[in-house]
Amino acid sequence: MNVKVKNLIFAAEIFAALILMQLIFSAFTIGFNSTEHWLAEIAIIGLTSLSTAVLLFILRTWPREKAGKILYGTGMVTATVLFAAQEVYYAIFGTFFTVYSLINSAQVVEFMDVVFINMWREKIAIVLFFAVGITITVRGIKRKFDITDENSGKKKKMMLLTAVLCVASFGASLLPGTVKSNDPMSPYQNIYGTGEIEGAVRCCGLLGAMEIDFFKLVVGWEPSIEADGDYVKPDKNDNVIKKLDFENIADEEDDKTISTMHEYFGSIHPTEKNEKTGIFKGKNLILITGESFTDFAVDPKYTPTLYKLQTEGYTFTNFYNPLWGVSTLDGEYVNLVGLLPKPGVWSMKESVDNDLPFTLAHQFSKEGYVSKAYHNHSIYYYQRDKSHPNLGYDFKGQGREYSFTDTWPESDLEMIDQTTEDFLAPDENGEIQPFHVYYLTVSGHLEYNFFDDDMAIKNKDAVKDLEMSEACKAYMAANIELDKAMELLLERLEEAGELENTVIALAGDHYPYGLDASEISEFRGHDIDTTYEMYKSTFILWTPGMEPETVDKLSSNLDILPTLSNMFGIEYDSRLLMGKDIFSDSEGFVVFKDKNWISEKGTRNELIKKDEKYVEKKDKKVAEMFNYSAMILDEDYYSYLRPYLSD
């Protein structure tokens, strides 16, 4: 086959440019930490880059000259912008956006100041991307190719060669992932499993990860599941719904997928009722998801109300708050639904038509409580106006029944001030109806500075003597607003005579990723471990007059829903949530978005060379947690259980 060498050289130049941009991208984001799968990763990245390079070559050479220049230029610029955009996104959120997030990203205009700040911070990487991208784009547009209609035989040969090479290289890139493995670092988990995009980027490169993500979104991909455990017969003292006999309902189910799910949940060991079961029964509950809240926001001097709640309530010393793919929304999903979010989509948004019987709002409403929720930012952001009513809440906030002062971020104090009357006002009989209230705060949102963070500016004088970097001082100043909000909340509850009958629960949505590792290290007093310690946090759980208690058990915000369900004496099934009641005798276990984990034996990284069988067992458990969480969401699984749930 007579193919001109200069054409092949041009294809090689495109390939080299894509590899160079990938190297720059990795250097400025995830780094080059190798795994035992490094050879497969290099092969996958090389092959996906080759496939993309050949596709760009096809766009330039197959059409007529003018059309080829336009298509090639558009494709190359798109690839360059993708690298730059993902670089900035990673700088802000500590992860990468998916195709799904990109399609639903119109609301990002509300945070353009944050985007511009981080574009400036990542200016070196952005300049390098565009230097490479513009160079190879211009070279491609200036070149002339003689694969024309006048020489149709040669053109057909070139078209056949390039088409085969493009398809073959992409197909070959998928082969290393066909070897089944529960190892979260493996190509299998990142290509065929319920993988987070950051792992896919490490394993497949940015272009490969986006191609796989796009394919999964288009085909409506679901993980492959199989149940290989024996049915576990619950004890009479277990937290289960007695009508849920999974063995019987699996036998009666015609849908193979749903039947497999019944088998899996029937093989899970339930947690038992314990000394904390029902201790809060009959009390009101106020649950708060605090924007970027963590334990070092609790300080006796700067945030005395938070300190009071922490030290006079349960002190969880080994609590973690992992960051998920969609930051706040996924953090809420974990807090409120007790499942792992499905990577690549907005799980909360995708659940709007699902049956969610185990949320606190639905459970309390069955008990005659009013269930209300409030947010001081737009209720339409992330389409919470649809998802939160489906969680069981009468959801109000900025844009629905309330108008808060136009600041960024908005004031948590103002939200508490305006909303407490909504659930604390007596009815026509002079009585206050039992309530479950959920607050989503925003005052602790990034950026942490004193020039465009209105909450930090508002409380700047209060931290003037704090000897820390500006970002750390601004973070503490922003959380002073949350502390003031909590102080006012306690005052309003006491004035209404409801304080003694109310439980306050507060946890973050994610760690404060607006602070870098060095700034978090300032708060910790030592250089932190960014794999695990970065996500160390706290869970505030308090009611007046309780005996303070320290809880050292390993736990995370995935455990909040089952823990509160048990403490309020709510009937729920502990087999159907991915978290566990913290006060049960279940093993403490924390899962992260990359399928890394911590158990009571230690971290995965510590144990990988000490106890391979234990690590394999836990890797399998984590893979199943992600897969079945995704299937509960995709299949609306709880709706199949509705006939067996108590009225």
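Position 1 is the first residue of the sequence, and the numbers go up from there. The structure presented is a predicted model; accordingly, all values stated were derived computationally and were not measured.
Every residue two or more places apart in sequence or in another chain that forms a side-chain hydrogen bond (donor to acceptor under 3.5 Å, both in side chains) with Thr294 is listed here: Ser537. The ring-ring contact (aromatic ring centres under 6.0 Å, His included) search around Tyr320 returns none, not counting sequence neighbours.
Asp453 places a side-chain heavy atom less than 4.5 Å from the side chain of Met455. Side chains of Tyr314 and Thr550 form no contact here, defined as non-hydrogen atoms less than 4.5 Å apart. Under the 4.5 Å side-chain criterion, counting only non-hydrogen atoms from C-beta, Thr543 is in contact with Phe280. Within the 4.5 Å cutoff, no side-chain heavy atoms of Met567 are placed close to those of Thr277. With contacts defined as side-chain heavy-atom distances shorter than 4.5 Å, the pair Leu287/Val437 does not qualify. Counting heavy atoms from C-beta outward, Leu356 and Asn390 have side chains that approach closer than 4.5 Å. Between Glu198 and Lys593 there is a side-chain heavy-atom pair separated by less than 4.5 Å. Taking the side chain as every heavy atom from C-beta outward, Ile92 and Ile117 never approach each other to under 4.5 Å.
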Start with the C-alpha distance between Asn459 and Glu481, add both sets of side-chain angles, then the distance that settles side-chain hydrogen bond (donor to acceptor under 3.5 Å, both in side chains), and finish with yes or no. CA-CA 7 Å; Asn459 298 303; Glu481 193 70 8; 3.2 Å; yes

Test Asn566 against Asn274 for side-chain hydrogen bond (donor to acceptor under 3.5 Å, both in side chains), laying out the working first. CA-CA 8 Å; Asn566 179 66; Asn274 49 65; 3.3 Å; yes

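For Tyr637 and Asp355, the side-chain atoms include no donor-acceptor pair closer than 3.5 Å. Asn239 and Glu272 share no donor-acceptor pair across their side chains, judged by distance under 3.5 Å alone. Looking only at atom types and distance, the side chain of Asp552 has no donor-acceptor partner in the side chain of Asn318 under 3.5 Å away. Checking Ser565 against Gln363 by side-chain atom types alone, no donor-acceptor pair falls below 3.5 Å. A donor and an acceptor atom, one from each side chain of Ser443 and Asp412, are located under 3.5 Å apart. Neither side chain, Tyr333 nor Ser351, offers a donor N or O lying under 3.5 Å from an acceptor on the other. Judged by distance alone, the side chains of Ser584 and Ser586 do bring a donor and an acceptor atom under 3.5 Å apart. The closest side-chain donor-acceptor pair between Glu522 and Ser469 falls under 3.5 angstrom. Between the side chains of Thr603 and Asn605, no donor-acceptor pair of N or O atoms lies under 3.5 Å. Judged purely by distance below 3.5 Å, without hydrogens or angles, the side chains of Gln310 and Thr538 pair a donor atom with an acceptor atom. No side-chain donor from either of His375 and Glu410 sits under 3.5 Å from a side-chain acceptor of the other. Side chains of Thr502 and Asn284: a donor on one and an acceptor on the other come within 3.5 Å. In this structure, a donor-acceptor pair under 3.5 Å is absent between the side chains of Lys536 and Asn321. Donor-acceptor pairing under 3.5 Å is recorded for the side chains of Thr98 and Ser101.
Listed for the Gln398 side chain is a donor-acceptor partner under 3.5 Å among the backbone atoms of Phe404. Checking side-chain atoms of Lys283 against main-chain N and O of Glu500 turns up a donor-acceptor pair under 3.5 Å. Using a distance-only test at 3.5 Å, with no hydrogens or angles considered, a donor-acceptor pair links the side chain of Ser629 to the main chain of Leu340. The backbone N or O of Gly282 sits less than 3.5 Å from a side-chain atom of Tyr369, completing a donor-acceptor pair. A donor-acceptor distance shorter than 3.5 angstrom exists from the side chain of Thr563 to the backbone of Asp559, with no hydrogens or angles considered. Remark: the backbone N or O of Leu306 is paired with a side-chain donor or acceptor of Asp483 at under 3.5 angstrom. Put simply, the side chain of Asp509 never gets that close to the backbone of Glu332: no donor and acceptor are under 3.5 Å apart. With hydrogens and angles ignored, the 3.5 Å screen pairs no side-chain donor or acceptor of His445 with any backbone N or O of Pro409.
Salt bridge status for Glu350 with Lys342: absent, with no side-chain N to carboxylate O gap under 4.0 Å. A salt bridge is absent between Lys276 and Asp581; no separation between the charged side-chain nitrogens and carboxylate oxygens falls under 4.0 Å. The residues Lys618 and Glu587 are annotated as salt-bridged, a charged nitrogen and a carboxylate oxygen being separated by less than 4.0 angstrom. Ion pairing between Asp465 and Lys301 holds under the 4.0 Å rule for side-chain N and carboxylate O. Look at Lys372 and Asp422 and you find a salt bridge, because one of the NZ, NE, NH1 or NH2 atoms lies within 4.0 Å of a carboxylate O, short of that distance. Ion pairing between Asp295 and Arg524 holds under the 4.0 Å rule for side-chain N and carboxylate O. In this structure, Arg492 does not pair ionically with Glu498, as no charged nitrogen and carboxylate oxygen lie closer than 4.0 Å.
Under the side-chain contact (heavy atoms from CB on, under 4.5 Å) rule, Leu499 has a single partner from Leu493, Ile504, Leu489, which is Leu493. Residue Phe523 is tested with Tyr511, Phe296, Tyr448 for a ring pair (Phe, Tyr, Trp, His ring centres under 6.0 Å); the sole match is Phe296.
Aromatic rings from Trp346 and Tyr382 are positioned such that their centres are separated by under 6.0 Å. For an aromatic pair to be called close, the ring centres must be under 6.0 Å apart, and Tyr513 with Phe93 satisfies this. Tyr535 has its ring centre no less than 6.0 Å from the ring centre of His510. Remark: aromatic rings of Phe364 and Tyr438 are distant, center separation not under 6.0 Å.
In this structure, Lys460 forms a cation-pi arrangement with Phe450, its terminal cationic atom sitting closer than 6.0 Å to the ring centre and no more than 45° off the ring axis. Annotation: cation-pi pair Lys580/Phe589 absent, no NZ/CZ under 6.0 Å from the ring centroid and within 45° of its normal.
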